Enquirer: 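One structure, as structure tokens, below. Some questions next.
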Amino acid sequence: MMELIKLEKEFFNKKILIIGAFHGDEPQGEYFINSYLEKSPISGKNSLYFIPKLNPSGVRKNANEVDLNRNFPTKNWELGEKNSNYFGGEKPASEKETKYLVDLINRNDFGAIITIHAPYKTVNYDGPAQELAEKISNIIGYPVSSDIGYATPGSFGTYCGKERSIPTITIEIDEEEKMELLNEKFHNLFNYLKNDF
């Protein structure tokens, strides 16, 4: 079940949304978030909104065999092949997980959105997020890219970053890097977002 966890106080400067497992076969983000929530105090100048696991029912795709990262109502959404790992659904925003995120974003003025994927070892950004991507690059130690290298019709980054101008970051982690080291880097990143961004 999707769960939104807020580290929020009454007065804040920014709201930041952080999504862990967008794809069920990329579980590392959920681990980093849950590890951080076990240890982190709520106080900070910004409010962090965590979704540890967006896709609880599926592996690469959700229970309806849809890649959620191709299901957003973007101008470039397209009906792909049903048996493909990148099938974006029968229509844009057809999935409950997608509708949930669209509604959450409509109801909140997020100053930035971070999603955690694997395995490309890069800090990819969409929209007005280059400065934030460079800061995250310094914390995580990954290079910055504005292009993942292939077409992503109906993607979350296009929907939030390019079409809605919300600074949107996709951190593609290196699956070969030790989880303990990565966990520490992500704790540092979340602390930065909470206190200094």
Side-chain angles (χ1 to χ4, degrees), residues 1-5 16-38 48-72 74 80-81 83-89 95-102 104-105 112-126 129 132-133 136-137 139-161 168-190 193:
M1 180 176 180
M2 287 176 293
E3 181 181 12
L4 177 68
I5 301 165
I16 300 152
L17 177 62
I18 302 166
I19 303 171
F22 215 106
H23 294 127
D25 60 350
E26 299 170 1
Q28 297 90 341
E30 179 185 16
Y31 173 81
F32 302 144
I33 288 172
N34 288 335
S35 170
Y36 182 73
L37 291 173
E38 286 175 7
L48 303 186
Y49 289 56
F50 288 103
I51 300 175
K53 189 172 188 177
L54 178 67
N55 180 7
S57 60
V59 182
R60 172 73 197 182
K61 300 179 278 187
N62 74 353
N64 296 327
E65 296 295 310
V66 173
D67 179 352
L68 298 175
N69 204 24
R70 297 292 181 274
N71 187 237
F72 285 85
T74 61
E81 291 182 36
N83 295 327
S84 162
N85 276 339
Y86 302 103
F87 176 58
E95 305 307 296
K96 65 181 179 182
E97 299 93 340
T98 310
K99 290 174 184 172
Y100 173 79
L101 273 185
V102 168
L104 181 68
I105 291 162
I113 298 174
I114 315 289
T115 65
I116 304 168
H117 290 257
Y120 296 115
K121 193 176 180 178
T122 189
V123 180
N124 175 250
Y125 69 91
D126 290 292
L132 176 57
I136 292 172
S137 171
I139 296 169
I140 302 291
Y142 289 179
V144 173
S145 67
S146 61
D147 187 342
I148 203 69
Y150 52 86
T152 57
S155 75
F156 185 66
T158 298
Y159 176 72
C160 294
T168 303
I169 304 287
T170 303
I171 302 172
E172 289 271 355
I173 68 158
D174 179 0
E175 293 178 315
E176 302 300 316
E177 195 168 347
K178 290 185 178 176
M179 287 287 282
E180 298 80 14
L181 180 59
L182 275 173
N183 196 38
E184 182 179 347
K185 290 178 180 180
F186 274 87
H187 281 225
N188 292 339
L189 170 59
F190 299 153
L193 293 169

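It should be emphasised that the depicted structure is a prediction, and the values quoted were computed from it without experimental measurement.
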Enquirer: Going by salt bridge (charged side-chain N to carboxylate O under 4.0 Å, His left out), name the residues that satisfy it together with E177, two or more places apart in sequence or in a different chain.
Expert: K185
Enquirer: Pair up each side-chain donor or acceptor in residues 56-64 with any protein partner under 3.5 Å, not counting sequence neighbours, and list the distances.
Expert:
unit_1 : atom_1 : unit_2 : atom_2 : d
S57    : OG     : A63    : N      : 3.2
R60    : NH1    : E26    : OE2    : 3.3
K61    : NZ     : E65    : OE1    : 3.3
K61    : NZ     : S84    : O      : 3.3
N62    : OD1    : N64    : N      : 2.9
N62    : OD1    : E65    : N      : 3.3
N62    : OD1    : V66    : N      : 3.0
N62    : ND2    : E95    : OE1    : 2.9
N62    : ND2    : E97    : OE1    : 3.2
N64    : ND2    : E95    : OE1    : 2.7

Enquirer: Check the angle between the aromatic planes of F32 and F186 and answer parallel, tilted or perpendicular using the 30° and 60° thresholds.
Expert: parallel
Enquirer: Any chance CG of D147 has more than 12 other-residue heavy atoms, nucleotides or ligands included, within less than 6.0 Å?
Expert: yes
Enquirer: Atom OG1 of T115 and atom NE2 of H23: how far apart are they, to the nearest 0.5 Å?
Expert: 9.5 Å
Enquirer: For the residue pair F50 and Y36, categorise the inter-ring angle as parallel (less than 30°), tilted (30 to 60°) or perpendicular (more than 60°).
Expert: tilted
Enquirer: For E175, what residues pass the side chain to side chain donor-acceptor pair (under 3.5 Å) criterion, not counting sequence neighbours?
Expert: none
Enquirer: For the CD1 atom of I169 and the CD1 atom of I18, what is their distance to the nearest 0.5 Å?
Expert: 11.5 Å
Enquirer: Quick one: does Y100's side chain have a donor or acceptor within less than 3.5 Å of a partner on L54's backbone?
Expert: no
Enquirer: Looking only at non-hydrogen atoms, find the nearest pair between K121 and P143 and report the distance.
Expert: O-CD, 3.5 Å
Enquirer: I171 vs I136, test: side-chain contact (heavy atoms from CB on, under 4.5 Å). Steps then yes/no.
Expert: CA-CA 9 Å; I171 302 172; I136 292 172; 3.9 Å; yes
Enquirer: Take S145 and T122, measure what side chain to side chain donor-acceptor pair (under 3.5 Å) needs, and give me the verdict at the end.
Expert: CA-CA 7 Å; S145 67; T122 189; 3.0 Å; yes
